[in-house]
Number of protein chains: 2
Amino acid sequence: MTWQIHRGDALAVLPTIPNGSVDLVLADPPYNSGGRTAGERVGSTARDKYVSTDAGHTLADFAGDNRDQRSYTYWLSLILSECLRIARPGASCLVFCDWRQAPATSDALQVAGWTWRGIIPWRKPISRPQRDGFKRECEYVLWASHGTPVRHETPIYLPGLVEGSQPRGAARVHITQKPVGILRQLIRVCPAGGTVLDPFAGSGSAGVAAIEGGRSYIGIENTAHYAEVARGRLAQAAKETSA
Amino acid sequence: MTWQIHRGDALAVLPTIPNGSVDLVLADPPYNSGGRTAGERVGSTARDKYVSTDAGHTLADFAGDNRDQRSYTYWLSLILSECLRIARPGASCLVFCDWRQAPATSDALQVAGWTWRGIIPWRKPISRPQRDGFKRECEYVLWASHGTPVRHETPIYLPGLVEGSQPRGAARVHITQKPVGILRQLIRVCPAGGTVLDPFAGSGSAGVAAIEGGRSYIGIENTAHYAEVARGRLAQAAKETSA
DNA sequence: CCTCTCGATGAATCCATCT
DNA sequence: AAGATGGATTCATCGAGAG
């Protein structure tokens with residue numbers, strides 16, 4: 001099992017990756033939602049939108065979260081269409097999104113040529129209640145495939161919903177960090193020994209899950225700080241797994 | 001608390017209901033999805049599409065499940081826009097859909113003038129597993145409001161996800177029947193003593209939940225058989241509640 | 001009345017075969 | 001070649017009935 005992190009913009013790096021070389025695309029793009037108004041969406045940084053003013057932590061900011069919804073859909077379809085080229089026939093694609101971007105994300109997937117196959121809610125048990133309304137307790141993972149999904153040698157049956165809270169305290173190194181436990185469950189859709197492509201690697205949680213699960217990993221991350229963080233976590237995970 | 005069932009097509013009956021007279025629209029439209037091919041989606045009956053070939057029951061079919069997706073979106077937006085007229089400012093709207101129709105349903109809501117406010121997954125513990133893929137374990141409830149949602153006198157905090165199995169055995173009277181327990185939770189978004197409008201009443205489960213929860217209920221159902229079933233269940237629920 | 005076992009079921013879907 | 005048809009499948013859950 002090998003791993004690599006490319007430092008650069010996904011749209012610039014993806015074209016350098018050869019055709020039909022990965023078995024799962026796992027994308028956690030910047031959501032470009034969260035602001036209550038169009039002005040708030042384009043004006044503020046990701047930190048201002050996603051981190052409550054009373055939150056104590058001081059996590060690094062990330063760029064690329066300032067698109068309006070139409071541009072978001074177009075941009076994401078460009079990314080996903082490059083990913084389709086890189087994916088083997090039968091490969092799966094999993095894209096994280098929040099409730100607001102779910103329709104745009106399903107559009108982008110299908111525009112890019114992927115076959116949409118389902119929605120897997122990610123339930124976050126620790127979430128803020130909302131007065132006089134329904135709690136925003138879930139994010140969503142859209143599942144798609146490149147044609148007919150591959151048949152696994154030993155059949156697998158995956159859950160229809162995943163649960164797990166975001167890492168807290170020292171374990172949390174990125175604002176929108178996903179729990180490794182969630183990613184471990186999702187990565188099982190990639191045949192054992194296969195390769196996972198992650199165009200928005202962030203702090204590398206998907207890579208950690210991939211390596212622990214015996215898959216190779218190709219990550220792309222634009223922010224130099226997070227690319228470094230991811231390399232550190234991946235080296236550590238690779239060492240622990242081989243041990 | 002009062003209740004009534006109108007027998008007729010929703011698009012014909014809704015215009016007879018006065019402006020600003022309901023506090024919650026709870027809609028469970030025919031999904032117009034499923035089926036194995038495009039032809040079958042619009043050609044076969046709801047039973048053929050949604051009932052497993054190994055199912056033992058012999059429940060009645062229902063009509064209105066033969067639209068392609070474009071027509072579905074348009075038709076639903078007409079329904080929802082009449083519902084917006086009938087809803088008081090601050091009222092909520094809850095619409096059931098499956099994963100395939102979620103984007104079209106959010107479009108229809110917003111085209112009709114509702115403000116989309118969230119997605120509440122409904123998790124069904126009894127669901128068929130799927131080989132080499134993620135189980136289709138959830139349906140979805142889209143939540144929207146007519147402007148700013150009303151402020152409840154005593155604050156309520158609603159779940160971000162609801163769980164419950166379809167009724168089984170003798171309790172099951174409709175192919176796509178919703179559990180009363182689920183509806184009871186959803187109906188809490190309607191202020192106590194308010195009125196619930198249900199344009200696709202089916203066997204009347206939402207009405208039962210409304211009456212049990214101390215809300216008035218206006219249901220519309222096109223299939224004569226189910227309108228009668230709903231009347232029976234509602235009369236029963238009203239008797240038990242007043243007792 | 002509680003616990004346990006047994007059997008039935010699912011707002012399907014996949015796949016090979018046929019038209 | 002594309003679409004239609006028919007049969008096989010899977011397991012967590014729940015109800016019924018037994019102990």
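Chain naming here is simple, since letters A, B, ... match the order of the sequence lines and numbering starts at 1 in each.
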Query raised in the report: How would DNA chain C look in dot-bracket form, 5' to 3', counting Watson-Crick and G-U wobble pairs with both distances under 3.5 Å and writing | for bases paired to another strand?
Result: .|||||||||.||||||||
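R233(B) and S205(B) share a donor-acceptor pair across their side chains, judged by distance under 3.5 Å alone. In the model, S33(B) has a side-chain atom that pairs as donor or acceptor with a side-chain atom of D98(B) under 3.5 Å. No side-chain N or O of T154(A) forms a donor-acceptor pair with one of H152(A) less than 3.5 Å apart. A donor-acceptor contact closer than 3.5 angstrom links the side chains of D61(B) and T45(B).
Residue T53(B) places a side-chain atom within donor-acceptor reach of the base of dA8(D), judged by atom type and a 3.5 Å distance cut-off alone. Counting atom types as modelled, R168(B) pairs a side-chain N or O with a base atom of dC14(D) as donor and acceptor under 3.5 Å.
In terms of phosphate contacts, R47(B) brings no side-chain nitrogen or oxygen within less than 4.0 Å of OP1 or OP2 of dG10(C). OP1 and OP2 of dA8(C) both lie 4.0 Å or more from every side-chain N or O belonging to H57(B).
One atom, CH2 of W99(B), and another, C1' of dA12(C), lie 11 Å apart when rounded to the nearest Å. R172(B) has its CZ atom 14 Å from the C1' atom of dT13(D), to the nearest Å. Whole-Å rounding puts the H174(B) NE2 to dG10(C) C1' distance at 16 Å. Nucleotide dA12(C) holds its P atom 12 Å from the CD atom of E137(B), rounded to whole Å. Rounded to whole Å, atom P of dG10(C) lies 8 Å from atom CG of L59(B). Atoms CG (L158(A)) and P (dT10(D)) sit 15 Å apart, rounded to a whole Å.
Scanning for side-chain contact (heavy atoms from CB on, under 4.5 Å) contacts around P159(A) gives V162(A), Q185(A), with sequence neighbours left out.
Backbone-only contact: R117(A) has heavy atoms under 4.0 Å from sugar-phosphate atoms and none from a base. When heavy atoms are screened at a 4.0 angstrom cut-off, S165(B) is found touching the sugar-phosphate backbone but no base atom. No engagement by R131(B) is indicated, since no non-hydrogen atom pair under 4.0 Å with the nucleic acid exists. Across all strands, T37(B) comes closer than 4.0 Å only to sugar-phosphate atoms, never to a base (heavy-atom distances).
Non-hydrogen atoms lying under 4.0 Å from DNA chain C are contributed by D28(B), P29(B), P30(B), Y31(B), all within residues 26-34 of chain B.
In this structure, G169(B) and Y157(A) both approach DNA chain D, and ranking their closest nucleotides by distance from the 5' end singles out Y157(A). With the nearest nucleotide of DNA chain C identified for both E139(B) and R151(A), E139(B) has the one nearer the 5' end. Take the nearest nucleotide of DNA chain D for Q130(B) and for I126(B): the residue whose nucleotide is more 5' is Q130(B).
The 12-atom threshold is exceeded at OH of Y157(A), counting heavy atoms of other residues, nucleotides or ligands nearer than 6.0 Å.
Comment: R123(A) engages E137(A) in a salt bridge, judged by a side-chain N to carboxylate O separation of less than 4.0 angstrom.
Considering CD1 of I86(B) and CG of N19(B), their distance stands at 8.0 Å, rounded to 0.5 Å. A distance of 10.5 Å separates OG of S92(A) from CG of L186(A), quoted to the nearest 0.5 Å.
Rounded to whole Å, the C1' atom of dT9(C) lies 16 Å from the corresponding atom of dT13(C).
Relative orientation of the H174(B) and F62(B) rings is parallel, given thresholds of 30° and 60° on the angle between their planes.
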